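Contents: one structure, followed by commentary.
Atom set for the values below is all heavy atoms of this structure, side chains included, hydrogens, waters and symmetry mates excluded. What you see is a predicted model, and the numbers here were worked out from it, not measured in a lab.
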Amino acid sequence: MFLHKSETFALMEQLTNLAMKQLIDEKGGFNEDRDLLNKLSKNVPKKPSFLKRDLDARAHSEAYRLLFRLPASEKLDGSTDATLWTPYNKRHVWGRMFLSQNYLCFESRVKNLVSVVIPLRDVRLVEKAENQASNTAVDKSVLITTCGRASFLFAQIPDRDFVVQKISELLSRTRVAPVTTGPGGNGDNTSNHSSSSGVSSFSQCEEVKTDSSWSPQPPLMTLFKLDSSPETIAKQETKEKMWELHFAEYGRGVSMYRTTEISKLVLQGVPDRLRREVWMSFSGAINEMATNNGLYRTLVDQALGKPSTANDEIERDLHRSLPEHPAFQCDIGISALRRVLSAYAWRNPQIGYCQAMNIVASVLLIYCSEEEAFWQLANLCESLLPDYYNTRVVGALVDQGVLDDLTSEHLPNLHARLDELGMIRMISLSWFLTIFLSVMPYESAVNIIDCFFYDGARVIFQVALTVLEANQDKLLTCRDDGEAMQLLGDYLQGVYNEEGQITLRNKDGENINKSISVQTLVYDAYSHYGFLTAGSIERLRLKYRLRVVQQLEDGVGRNVVRSVVGDGYFCQDELQDLLVLVREELLSQRRVTTDRYDPTQPPYEAYKVDFELFRLLFVGLSPWGKGTQAESLSARIFRLMDRNGDGLLNFRELAAALGMTCTADITQRLKLLYTLHLSPLLTSLEIESPTNSENGAEVAAEATDFFDSMEQSVTSLESVSSQTEESSTMAVRETEPERPQRECSWEVRSMGSLRSLVETRDSRPDLKSVPRMSQPHFIMLWKTMYDLFQAQPEDQDTFHSIATVGTILLQLGDVGKRFYMEKEESADSLLAAAAAQWPASRPDTPSTDQSPDRNGNPGCSPDPHWSITVEQFLATTLTGQPIVEFFSRQTSLSDGIMKLRGRRFNRLHSLSDTAFVKV
């Protein structure tokens with residue numbers, strides 16, 4: 001599989017990146033792409049393994065998405081060499097054609113010469129053109145016509161028939177957007193698309209009348225027009241004419257011919273009236289909107305008024321969003337912003353709402369309609385800036401590291417000084433989260449947004465480096481971080497737009513000194529740092545994603561350990577080792593709970609284990625997990641520690657469960673052992689039909705089958721387990737389908753009492769209230785006692801001591817039995833005398849079958865038979881020296897984890913030499 005070191009390293013990088021994305025967002029983890037098995041392929045080198053093929057496909061798809069800035073879900077299907085006829089200069093340009101499930105794209109061999117993105121939903125006709133003897137340049141050509149009557153001629157395709165077949169296959173699975181009859185169709189290469197029509201393929205959404213109590217707003221700039229000077233208006237009109245001329249020559253909308261000419265226009269800034277159309281086309285949000293017609297209104301209706309944390313946070317931030325703009329000084333803008341943010345939080349609860357989203361959405365609403373702003377925000381959060389907007393802003397932290405790296409490389413002296421001031425990571429978080437919207441006047445920042453939607457996230461780094469370079473001399477003389485922060489803040493606030501307001505004012509209405517025009521800033525950014533590419537940025541992101549995720553996980557881990565170490569069962573190092581083991585197993589087995597950790601909860605709630613994982617840890621780490629009764633013991637301990645009954649133990653409950661068997665004092669361990677053999681933990685069914693001693697052969701057979709499986713033995717701790725999953729499930733769950741309400745409430749109270757008993761460190765005050773133990777329960781207890789010593793070296797004195805202590809306890813129970821029998825005989829004689837005296841009262845005498853026994857068990861007849869108390873059990877057991885030594889022995893958790901890892905490694909090593917194993 002690995003023929004070269006470079007290939008091996010590249011695959012390791014991919015796997016590391018996938019692991020980091022899974023830690024950030026479990027949906028981003030590795031799942032085999034089964035579509036590859038059925039993919040129609042040709043001239044594709046055969047891969048030595050499906051994993052290699054899958055990883056290569058992922059790498060190619062990611063590069064493809066970065067190149068054309070496509071949605072994160074887009075997967076590259078294939079590519080081939082071809083030429084593209086460019087009607088604006090009447091040439092055939094060599095390049096490469098790419099196909100994916102929703103797009104057909106082309107990129108010229110000469111960088112930035114021309115590129116095209118054609119959504120397959122717009123394709124209406126694909127036909128093979130005839131070869132012409134007089135013009136070999138159009139041999140093996142394919143003509144693609146879109147619904148806007150735009151035509152694209154691809155030629156010199158090596159296997160034209162196969163490409164046409166592949167396009168037909170993809171088109172058959174494509175959702176076709178409804179064709180509109182408005183001017184310009186759906187925004188394709190038509191010259192009659194007027195600027196006032198905006199993006200007409202979906203502008204009809206604003207005209208639909210519904211019964212809802214709200215109506216989507218048009219771009220707020222059309223409702224709240226700001227005063228502009230005649231000079232500014234003239235500049236805007238001139239730019240609009242330049243853009244219209246460009247559209248007439250190069251096409252319009254998503255499928256325009258993208259050349260260096262459009263790049264020049266974007267650098268100068270998009271006219272306000274065209275910004276809506278251009279942003280939607282370049283960002284790709286128009287495709288999401290066109291294929292999800294009506295979804296926004298549905299989401300708003302579902303989200304508005306619903307009580308949620310996200311909606312509460314949105315309400316707090318609504319009036320802080322661009323307060324200087326008149327649209328957000330009244331209900332029109334505020335309500336539109338509320339709908340957009342609430343709808344997105346409802347659509348993507350994984351992100352919900354994050355601060356800074358309100359500022360970005362506010363600016364989008366100024367230039368785009370309400371629905372367009374929603375899809376722009378969705379595209380920004382999910383594709384253009386992934387992982388930025390979540391509770392931990394991982395993406396922004398990663399990009400801070402990237403900027404740190406770039407600053408160190410290109411501005412080494414400044415980097416050293418900023419590092420001394422301790423502010424290299426402080427200055428840029430708001431720059432990334434709001435794309436400079438929060439640190440400079442929005443009229444200036446929108447020019448950076450223009451470039452961002454056209455060129456991607458690299459623009460943010462280009463502008464950030466330019467700002468630092470422009471202030472380098474002053475920053476080098478700053479005495480502290482406060483002075484440096486003030487310097488940069490004043491500079492960014494002074495960035496002005498040559499076509500905007502003449503006088504700059506801050507949010508308090510105070511005048512601000514101008515520093516540089518945004519047009520000059522953007523030009524300098526491309527002149528000085530235009531060599532930065534999306535690929536180089538992504539490589540640096542991979543490097544820092546690993547560091548950031550590790551730092552975040554380490555921080556969470558420290559908080560978890562800090563919140564549990566006070567319980568006193570394990571030291572900090574042992575808890576850290578246990579946490580690492582739990583994390584590894586949760587990732588390797590994908591035992592990820594459906595509910596993400598809520599930061600408002602205690603830290604130990606961040607990691608939870610189910611019974612299966614707890615059983616494996618108990619068997620591998622606890623001295624009580626070595627015998628045949630380990631299955632039943634682990635089930636009862638799990639049930640005892642599961643306070644909320646959700647079938648999961650948080651990390652604190654896990655540490656307590658292991659600590660009470662590994663390091664607790666002898667009294668607490670013996671109380672736990674006694675408690676585990678009382679009702680309701682030990683049920684009558686387990687007493688009547690114990691299963692642990694009857695399935696030894698079955699367990700051995702299942703263990704053999706289990707170790708024959710490569711994947712499970714590599715990724716699971718089950719190699720050290722000696723029990724079956726089926727019996728564990730039976731042990732944890734209720735054996736009866738329904739219980740009377742009275743019995744359920746009794747069980748809840750009993751479990752709470754037993755839990756308090758075993759968790760308290762005091763040995764005396766609470767023992768009087770502990771239920772007595774009947775003889776069947778004691779027999780099961782003493783079987784467990786024998787079983788605990790089975791894994792110990794054979795010693796006649798040990799088993800003699802166990803037998804002696806057991807005999808004494810049996811005799812104590814008989815003494816109690818005789819006492820209760822004498823007491824009952826006296827009570828029976830009194831009852832007989834009373835019945836003879838008042839015979840009419842006998843029918844009303846309560847049935848003895850309905851009275852609880854002395855142990856509190858409901859629905860049982862009085863039990864005047866054999867029983868012992870917890871005091872008798874503790875006092876007698878402590879007379880056996882071998883028992884005392886066993887229950888006093890401290891078990892090192894770290895040593896147990898090390899042995900557990902060794903067993904996993906040895907199992908993996910032995911399987912790696914097996915000839916029949918296939919990866």
Task: Residues Arg173 and Glu169 bridged, charged N to O under 4.0 Å - done: yes
TODO: For the pair His246 (side chain) and Met242 (backbone), establish whether a donor and an acceptor sit closer than 3.5 Å, ignoring hydrogens and angles.
DONE: no
TODO: Verify, without hydrogens or angle tests, whether Thr83 (side chain) and His92 (backbone) share a donor-acceptor contact under 3.5 angstrom.
DONE: no
Task: Glu261 with Lys264: basic N within carboxylate O range, under 4.0 Å - done: yes
Open item on the list: Please check this pair: side chain of Ser61 against backbone of Leu76, looking for a donor-acceptor N/O pair closer than 3.5 Å.
Closed with: yes
Task: salt bridge (charged side-chain N to carboxylate O under 4.0 Å, His left out) contacts in which one or both residues fall within residues 525-543, not counting sequence neighbours - done: Asp399-Arg541, Asp405-Lys543, Glu538-Arg541, Glu538-Arg545
Open item on the list: Tell me if a side-chain donor or acceptor on Glu249 pairs with a main-chain N or O of Pro87 at a distance below 3.5 Å.
Closed with: no
Task: Donor-acceptor pair, side chain of Ser255 and main chain of Val117, under 3.5 angstrom - done: yes
TODO: Go through the steps for Ser517 and Glu498 under the test side-chain hydrogen bond (donor to acceptor under 3.5 Å, both in side chains), then give the verdict.
DONE: CA-CA 6 Å; Ser517 72; Glu498 294 173 355; 3.2 Å; yes
Task: Donor-acceptor under 3.5 Å (Ser536 side chain, Leu532 main chain) - done: no
Open item on the list: Closer than 4.0 angstrom, basic N to acidic O: yes or no for Lys239 and Glu499?
Closed with: yes
Open item on the list: Is the distance from the ring center of His410 to that of Phe531 below 6.0 Å?
Closed with: yes
TODO: Return each pair, listed once, that meets ring-ring contact (aromatic ring centres under 6.0 Å, His included) where at least one residue sits in residues 65-84; pairs must be two or more places apart or across chains.
DONE: Tyr64-Phe68, Phe68-Phe98
TODO: Mind checking the CD1-CE spacing from Ile144 to Met97? Nearest 0.5 Å is all I need.
DONE: 5.5 Å
TODO: Carefully, step by step, assess Gln519 and Asn497 under the rule side-chain hydrogen bond (donor to acceptor under 3.5 Å, both in side chains).
DONE: CA-CA 7 Å; Gln519 287 82 2; Asn497 193 323; 2.8 Å; yes
TODO: Quick one: sort the Phe154 and Phe106 rings into parallel, tilted or perpendicular, breaks at 30° and 60°.
DONE: tilted
- [ ] Indicate yes or no: does Glu231 engage Lys235 in a salt bridge with an N to O separation below 4.0 Å.
- [x] yes
Open item on the list: Can you confirm whether Pro441 sits close enough to Tyr496 that some side-chain heavy atom of one is under 4.5 Å from a side-chain heavy atom of the other?
Closed with: no
TODO: For residues Asp450 and Leu267, determine if any side-chain heavy atom of one lies less than 4.5 Å from a side-chain heavy atom of the other.
DONE: no
Open item on the list: In the structure I gave you, are the side-chain heavy atoms of Val123 and Leu104 within less than 4.5 Å of one another anywhere?
Closed with: no
TODO: Evaluate the side-chain proximity of Leu377 to Val340: yes if any heavy-atom separation is below 4.5 Å, no if none is.
DONE: yes
Task: Under 3.5 Å donor-acceptor, Gln236 side chain and Asp272 backbone - done: yes
Open item on the list: If you compare all heavy atoms of Leu337 against all heavy atoms of Asn358, which two are closest, and at what distance to 0.1 Å?
Closed with: CD1-O, 3.9 Å
Open item on the list: Do Thr434 and Ser438 pair up side chain to side chain, a donor and an acceptor below 3.5 Å, judged on atom types alone?
Closed with: yes
Task: N/O donor-acceptor pair under 3.5 Å between Arg297 side chain and Asn293 backbone - done: no
Open item on the list: Just to verify, what does Asp455 make a salt bridge (Lys or Arg N to Asp or Glu O under 4.0 Å) with, not counting sequence neighbours?
Closed with: Arg458
TODO: Working to the nearest 0.5 Å, report the span between OH of Tyr367 and CD of Gln376.
DONE: 13.5 Å
TODO: Measure across Tyr526 and Cys451 and return the closest heavy-atom pair with its distance rounded to 0.1 Å.
DONE: OH-CB, 3.6 Å
Task: Closest heavy-atom pair and its distance - Pro71, Arg65 - done: O-CD, 2.9 Å
Task: Shortest non-hydrogen contact between Ser100 and Lys75, atoms and distance - done: CB-O, 3.1 Å
TODO: State, with a plain yes or no, whether a side-chain heavy atom of Val459 is found less than 4.5 Å away from one of Ile435.
DONE: no
Open item on the list: Ignoring hydrogens, what is the shortest heavy-atom contact between Tyr389 and Ala356? Give both atom names and the distance.
Closed with: CE2-CB, 4.3 Å
Task: Contact summary for Glu107 and Asn112, nearest pair of heavy atoms - done: OE2-N, 4.1 Å
TODO: May I ask you to test the Trp85-Leu143 pair for a side-chain heavy-atom distance under 4.5 Å?
DONE: no
Open item on the list: Quick one, Tyr103 and Asn287 - any side-chain contact, counting heavy atoms below 4.5 Å?
Closed with: yes
Task: Between Phe452 and Phe282, ring centroids under 6.0 Å - done: no
- [ ] Please tell me if the side chains of Val266 and Phe453 come closer than 4.5 Å, counting only heavy atoms from C-beta onward.
- [x] no
- [ ] Please confirm whether the backbone N or O of Leu380 pairs with a side-chain atom of Ser383, one donor and one acceptor, at under 3.5 Å?
- [x] no
Open item on the list: Considering only residues two or more places apart or on different chains, which pairs with a residue in residues 129-141 satisfy salt bridge (charged side-chain N to carboxylate O under 4.0 Å, His left out)?
Closed with: none
Open item on the list: Going by salt bridge (charged side-chain N to carboxylate O under 4.0 Å, His left out), name the pairs with one or both residues in residues 91-100, residues two or more places apart or in two chains.
Closed with: Asp81-Arg96
Open item on the list: Has Ser108 got a side-chain atom pairing as donor or acceptor with Val114's backbone, closer than 3.5 angstrom?
Closed with: yes
Task: Pairing residues for Ala343 by the side chain to side chain contact (heavy atoms under 4.5 Å, CB included) criterion, not counting sequence neighbours - done: Tyr296, Leu299, Val300, Phe374
